[in-house]
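In what follows, chains are A, B, ... by sequence order, proteins preceding strands, each numbered from 1.
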There are 2 protein chains.
Amino acid sequence: MVRIKDIAKLANVSPSTVSNVIHKRKEKVSPEIYNRVEKILEEEQYVTHMGARMLSAKGSRLVALILAYKRIEKESIVEDPFVSSVIGAVQLALQEKGYFLLLYSNPDMEDCVKISREWNVDGIILLGAKREGYYKMKNSLSVPVVSIDTPFSATDAEYTNIGLEDFEAAKEMTRYLFSMGHRKIAFFSLTEGGELLEKHYIDSERYRGFKEAMEEEGLVAEGWHNLSFVEEIRKKQYFSFYEENFFHATALFFTADIMALEMMRFCMDRGISIPEKLSVVGFDGIKAGRCMHPMLTTMEQDSAEKGRKAVKELLFLLEEGKGDYKNIRLPVHLFIGETVARI
Amino acid sequence: MVRIKDIAKLANVSPSTVSNVIHKRKEKVSPEIYNRVEKILEEEQYVTHMGARMLSAKGSRLVALILAYKRIEKESIVEDPFVSSVIGAVQLALQEKGYFLLLYSNPDMEDCVKISREWNVDGIILLGAKREGYYKMKNSLSVPVVSIDTPFSATDAEYTNIGLEDFEAAKEMTRYLFSMGHRKIAFFSLTEGGELLEKHYIDSERYRGFKEAMEEEGLVAEGWHNLSFVEEIRKKQYFSFYEENFFHATALFFTADIMALEMMRFCMDRGISIPEKLSVVGFDGIKAGRCMHPMLTTMEQDSAEKGRKAVKELLFLLEEGKGDYKNIRLPVHLFIGETVARI
DNA sequence: TTGTAGGCGTTATCAT
DNA sequence: ATGATAACGCCTACAA
């Protein structure tokens with residue numbers, strides 16, 4: 001492996017001169033030597049040893065992307081296109097700026113703090129963490145932390161989060177259902193065995209929006225039905241909903257497309273035609289929803305943009321605006337498919 | 001930040017003793033001191049500085065997962081559940097063994113070699129690389145390289161790859177279509193603008209299997225239809241196939257579920273009922289296929305298992321069997337859905 | 001403009 | 001059993 005010392009010898013200069021060339025400090029090296037060294041660097045395929053750089057300089061140019069979701073099943077709902085596209089976008093955006101991505105998955109923030117310290121990361125992006133988890137990270141480390149989809153409360157401060165207008169979006173969707181004549185709407189989201197999952201909290205916002213819209217219309221939100229993360233159990237739940245005639249609802253509001261699709265399949269298997277007998281709406285805008293027949297009506301979000309924004313804000317905190325935190329909410333868009341009937 | 005030196009001072013021992021405790025070398029430290037140091041380590045929340053470790057010791061405990069797919073669109077077909085679940089599985093498997101994941105995405109193997117050197121990675125997992133790319137990596141670096149879904153030829157040697165029985169699987173699928181009475185079958189896969197994508201090569205294997213099965217049945221494989229990676233263009237292609245009456249085929253064989261789903265939607269929009277008028281089969285076994293109505297008949301693969309196997313083989317090469325390369329092919333499973341009619 | 005020297009944190013070797 | 005020391009590669013301040 002070629003090191004700075006070796007290059008220095010080959011070029012008949014000192015290591016610091018080589019270092020200056022590496023860092024493109026043209027003002028500190030004569031043009032002649034600069035070019036000579038640069039050429040040798042190229043020829044010898046010199047690459048910096050990041051360990052050594054971490055040791056001597058401040059930054060590691062490493063950013064940790066932490067997936068804080070709890071893993072219920074191996075093929076859990078979180079291993080979905082959403083997470084995939086966030087990861088992809090984060091990776092690409094970091095790479096463009098010369099940063100590297102350390103991917104780590106653990107809901108235990110203690111462990112995450114440890115890893116971040118070990119690797120001297122320059123910053124952290126948290127995906128699917130709880131509010132408490134965010135502060136735990138932020139307060140245990142001296143580097144900026146940006147979260148995606150972490151629900152904060154109105155009194156929280158000093159955080160940067162990339163989220164959606166969940167409350168407004170759910171309200172808009174509910175109003176759309178009203179506009180199509182629906183008055184009895186059942187609301188479904190995900191949870192697991194009594195203990196609330198991180199994602200659940202976002203769903204609380206959506207439920208609040210749904211509820212408020214209902215109340216504004218003089219209706220009663222009949223409650224919130226929790227679906228299991230485990231497919232087997234979910235299937236049973238669908239069956240019990242079916243037996244209860246879907247609580248006499250004319251429309252079902254799901255907080256994730258993938259569940260809406262499952263339910264559609266379940267209904268069609270039982271001769272309940274959608275949307276004629278039952279309307280269904282989802283949330284996310286996944287590709288498969290567009291392939292369904294009928295096409296799923298859903299609240300679309302741009303998950304890759306969430307990743308890009310997270311990187312942008314992290315680098316902003318890192319390189320410029322120390323402590324200038326932001327609560328960012330990306331827009332959503334109501335995609336009107338074919339799963340809602342006018343009644 | 002607490003360092004070994006600090007711990008040493010607190011415990012009134014030398015840094016080397018602390019280091020020995022950190023590495024659990026009980027035989028080199030007296031039990032009394034061992035416990036004392038261990039306690040202080042815990043109290044002070046000491047964490048290793050990985051940069052320093054990289055510098056002094058050999059290993060970095062870092063494994064690079066390199067996504068070598070070319071990016072055509074931001075939301076390319078490769079940003080699909082398959083990649084997501086491989087990443088998830090690799091990450092988890094590495095974590096369990098005490099390794100860290102550096103995620104990098106770049107089809108240029110020169111760049112990948114550079115990054116791997118910079119970070120002194122202990123090993124590399126390549127996803128979606130070409131045969132040439134694999135050897136480029138392997139020969140440029142002194143660490144083990146394991147690939148997933150890279151197509152090698154029979155004469156290749158010294159590689160570890162995790163793939164499927166693509167040839168056999170396509171044959172099996174084709175034979176299944178025969179068993180349902182189909183004789184005219186059209187084959188569709190992905191490519192882009194003349195230049196072959198990595199994934200394409202796997203599709204060559206599948207096409208070979210399809211072709212051989214056809215020939216064994218005394219039929220002619222009518223050719224191989226390439227779909228664009230760009231959704232817009234694909235839509236146009238579907239339309240032209242439609243105008244050509246799908247080449248008079250009674251069944252369409254897609255090498256990826258997601259395309260099969262798109263085509264199903266396209267057909268249903270035009271009153272071509274599936275499977276009554278046209279049968280469709282896919283490959284992968286994605287979740288949405290199960291939600292479709294009718295349910296997609298497909299060749300299921302276990303993508304997470306690919307990731308786990310890759311890690312297992314990498315660690316094997318790393319820790320034990322230097323140079324003991326393997327060509328691993330995971331089984332697939334024909335899932336019979338509802339998209340193939342008996343004719 | 002170029003070179004020298006010390007330090008970053010850890011580990012392995014060697015001496016006590 | 002424990003400690004001292006050198007080495008890993010890079011960076012920067014300071015000296016020449």
Side-chain angles (χ1 to χ4, degrees), chain A residues 1-38 40-41 44-62 98 100 114 116-122 142, chain B residues 1-38 40-41 44-62 98 100 114 116-122 142:
Chain A
M1 197 97 303
V2 194
R3 306 291 65 172
I4 284 186
K5 230 190 283 179
D6 308 316
I7 303 289
K9 271 205 190 100
L10 287 168
N12 267 318
V13 295
S14 76
S16 38
T17 302
V18 177
S19 175
N20 282 327
V21 174
I22 290 170
H23 291 282
K24 304 203 186 300
R25 295 192 244 271
K26 295 204 182 187
E27 76 285 1
K28 309 203 106 195
V29 186
S30 69
E32 183 204 359
I33 291 190
Y34 190 97
N35 290 330
R36 175 148 49 100
V37 171
E38 199 170 39
I40 297 177
L41 244 14
E44 299 292 320
Q45 300 197 58
Y46 170 82
V47 292
T48 36
H49 187 300
M50 293 307 285
R53 191 208 282 287
M54 275 166 74
L55 200 53
S56 65
K58 317 259 161 60
S60 58
R61 300 209 70 86
L62 208 50
F100 301 93
K114 181 162 172 279
S116 308
R117 286 223 182 99
E118 283 185 345
W119 285 101
N120 253 24
V121 300
D122 284 347
S142 56
Chain B
M1 199 94 306
V2 195
R3 306 290 65 174
I4 285 187
K5 231 191 283 180
D6 308 316
I7 302 290
K9 273 207 188 97
L10 287 168
N12 267 318
V13 294
S14 75
S16 3
T17 302
V18 176
S19 174
N20 282 327
V21 174
I22 289 169
H23 291 281
K24 304 202 187 301
R25 295 193 245 271
K26 295 205 181 184
E27 75 285 1
K28 308 203 104 192
V29 186
S30 69
E32 183 205 358
I33 291 188
Y34 190 98
N35 290 329
R36 175 149 48 100
V37 171
E38 198 170 39
I40 296 177
L41 244 15
E44 299 292 321
Q45 299 198 60
Y46 169 82
V47 292
T48 311
H49 188 301
M50 294 307 285
R53 193 209 283 286
M54 275 165 74
L55 199 54
S56 66
K58 316 261 161 61
S60 59
R61 300 210 71 89
L62 207 49
F100 301 93
K114 181 163 172 278
S116 307
R117 285 224 183 98
E118 282 185 346
W119 285 100
N120 253 26
V121 300
D122 285 348
S142 56

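- Residues forming a side chain to side chain donor-acceptor pair (under 3.5 Å) with B:Ser19 (at least two apart in sequence, or on another chain): none.
- Applying the side chain to side chain contact (heavy atoms under 4.5 Å, CB included) criterion to B:Gln45, with sequence neighbours excluded, gives A:Arg117.
- Applying the side chain to side chain contact (heavy atoms under 4.5 Å, CB included) rule to A:Lys24 yields the partners A:Tyr34, A:Glu38; only residues at least two apart in sequence or on another chain are considered.
- Here the shortest heavy-atom pairing between B:Met54 and A:Trp119 reads SD-CZ3, 3.9 Å.
- The shortest heavy-atom contact between A:Asp122 and A:Ser60 is OD1-N, 3.0 Å.
- Every residue meeting the side chain to side chain contact (heavy atoms under 4.5 Å, CB included) condition with A:Ala52, not counting sequence neighbours, appears here in chain and number order: A:His49, B:Leu55.
- Contacts of B:Ser30 classified as side chain to side chain donor-acceptor pair (under 3.5 Å), with partners at least two apart in sequence or in another chain: none.
- Remark: side-chain polar atoms of A:Asn35 are not paired, donor with acceptor, to backbone N or O of A:Glu32 under 3.5 angstrom.
- Where the helix from C:dT1-D:dA16 to C:dT16-D:dA1 starts and where it ends, the local axes point in directions that differ by 40°; five pairs per end, rounded to 10°.
- Taking each heavy atom of B:Val47 and A:Glu118 in turn, the nearest pair found is CB-CG, 3.9 Å.
- Rounded to a whole Å, the NZ atom of B:Lys9 is 13 Å from the C1' atom of C:dG9.
- Looking at heavy atoms from C-beta onward, B:Ile22 lies in side-chain contact with B:Ile4 at the 4.5 angstrom threshold.
- Here the range on DNA chain D touched by chain A, meaning any atom under 4.0 Å from one of its heavy atoms, is D:dG9 to D:dT12.
- The distance from the CG atom of B:Leu62 to the CE atom of A:Met50 is 10.5 Å, given to the nearest 0.5 Å.
- If you measure from atom CE of A:Met50 to atom P of C:dG9, you get 17 Å, rounded to the nearest angstrom.
- Residues that satisfy the side chain to side chain donor-acceptor pair (under 3.5 Å) test with A:Thr17, not counting sequence neighbours, are A:Ser14.
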Every protein N/O lying under 3.5 Å from an N/O of nucleotides 4-8 of chain C:
residue: C:dT4; atom: O4; partner: A:Ser16; partner atom: OG; Å: 3.0

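- Nucleotide C:dG9 holds its P atom 8 Å from the CG atom of B:Asp6, rounded to whole Å.
- Residues meeting the side chain to side chain contact (heavy atoms under 4.5 Å, CB included) test with A:Leu10, sequence neighbours left out: A:Ile40, A:Glu44.
- Looking at residues 19-35 of chain A, you'll see A:Glu27, A:Lys28, A:Val29, A:Ser30, A:Ile33 sit with a heavy atom under 4.0 Å from some atom of DNA chain C.
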